[in-house]
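All ligand and atom numbering here is 1-based and tracks the order in the structure.
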Amino acid sequence: MTVITRFPPSPTGFMHIGNARTALFNYLYARAKGGKFVIRIEDTDRARHSEEAVEVIFNALEWMGLDYDNTPQSQYENRARHAEIAHALLAAGKAYKCYCSPEELEKMREQSKSEGRAVAYNNYWRDRDESEAPKGVQPVIRIKSPLEGESIVDDVVQGKVRVDNKQLDDFIILRSDGVPTYMLAVVVDDHDMDVTHVIRGDDHLNNTFRQNVIYDAMGWKKPIYAHCPLIHGADGSKFSKRHGSVSIEDYKNMGFLPEALNNYLLRLGWGHKDEEIIPMERALEIFDIKGISKAASKFDFKKLESLNAHYLNAADNDRLVDLISPFLKEKHNIIISEEGLTRLQAGMDGIKERAKTLIDLAAESRIYLVDAPFPYDEGAQKHLTPAAKTILKEILTELKALNDFNHEDIEHKCRNIAQIKADGKLGNVMMPFRAALAGTDKSPALFEAAEIIGKPEVIKRLEHAIAYIGTSASH
Ligand code: GLU
């Protein structure tokens, strides 16, 4: 059997982190088993439909690197086929027309409530002759659900889940205006797309029992189901906006790498021994739906961050330069010059070790990309004091005299200055030096950075900082 999994998102305008994990599981399972991964856009809600919302999904899939094997299908475009199946069920006596008015349905609902029954509709038209149909009323089509016994879903994750068939109503499969219901559309599409495995959130488990009624009525083979527990926030409730960002795009904009997010989402609710770092290549070797945990998992931002730090450190430097470019432009108004690029490439190893996100990386890169004169932020200003001016002048003199501008010699000079001018406190030398070079109070390893920036530019930055203290000391 060729495994065929599917991802059928509803275009809501963003890709929820939980949906992304569902997509990932389906993708991995198909790929790990040499099967196919297919996409269907569940776009039947026409009132809220927009092409942009569909784009968001494809952008997210592309960013995550989840490629698929079909021309993505539109559920809405397939509505004639869904209606055809509703009529086939009708013709086979597995479904029937129901002419109840909204008022009648409301009465039934009230009565069933007062009798403590689980379903609202009382099957009024189930065995009634159509000759009794009221004139001029367009009927809906309802499916005949089993009346007795119990239904069982043998779920890969949840185990055997049972439902008393009294809980299953004769639900609508085709509305009076001929529009198929979601329940019908999903089953017909999954069947027509030859889906073998349905891996989705356990919020769909209730639907599964109803969907199985349609499978049975059509005599179709049911897929294997794996209902995954939802992702929760730290407080144990369903992960939502109040816990933090819920959309994939937000994580991209916060400077996370797709491989870090994939690894994080994979581990969130799935495990293989105690492996934590699981790049996609490895996941493709070991992923199986059997490893999906039955317990809900909590979203842990710190863990995601530490995985991101790991993948940033492992990433190719040229790729990182490309990835931080938009952040540099947007957050720091910096466009990388040719000279800046050469410095950044030399300095990248040193900064990527410490960064947690691409935003950190962009901020730390600035030291290689700016040319003096540049402004000093508050953190830098704190260290550009009149006392620091003497130190900076000293550094300037010493560094000017260096012929070979390497980090060991630069460090040696700074240590000497600390001994002579700062009671041996290296920090009192480094902090103003850092402020002068970086324009802020954080930087990669300073002496290495100075070497990479190069003598002429270091001299220029020191001179500029000294001149700045001259002007700023007056106020
Ligand atoms: N369109 C549904 C959703 O986005 C998915 C339904 C399913 O997986 O069967 O939740």
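Between F37 and F25, a ring centre-to-centre spacing not shorter than 6.0 Å is recorded. Residues Y29 and H197 place their aromatic rings such that the two centres sit under 6.0 Å apart.
With a 6.0 Å radius and a threshold of 12 heavy atoms from other residues, nucleotides or ligands, E249 has its CD atom at or below the threshold.
The closest donor-acceptor contact from the side chain of N70 to the backbone of I39 lies under 3.5 Å.
Annotation: cation-pi geometry satisfied between R128 and Y124 (NZ/CZ under 6.0 angstrom from ring centroid, within 45° of ring axis).
Legend: salt bridge (charged side-chain N to carboxylate O under 4.0 Å, His left out) pairs involving residues 11-33, not counting sequence neighbours, sorted by first then second residue: R31-D67, R31-D69, K33-D288.
Under 4.0 Å from any atom of ligand 1, one finds heavy atoms of residues R6, P8, P9, S10, E42, Y182, R200, H204.
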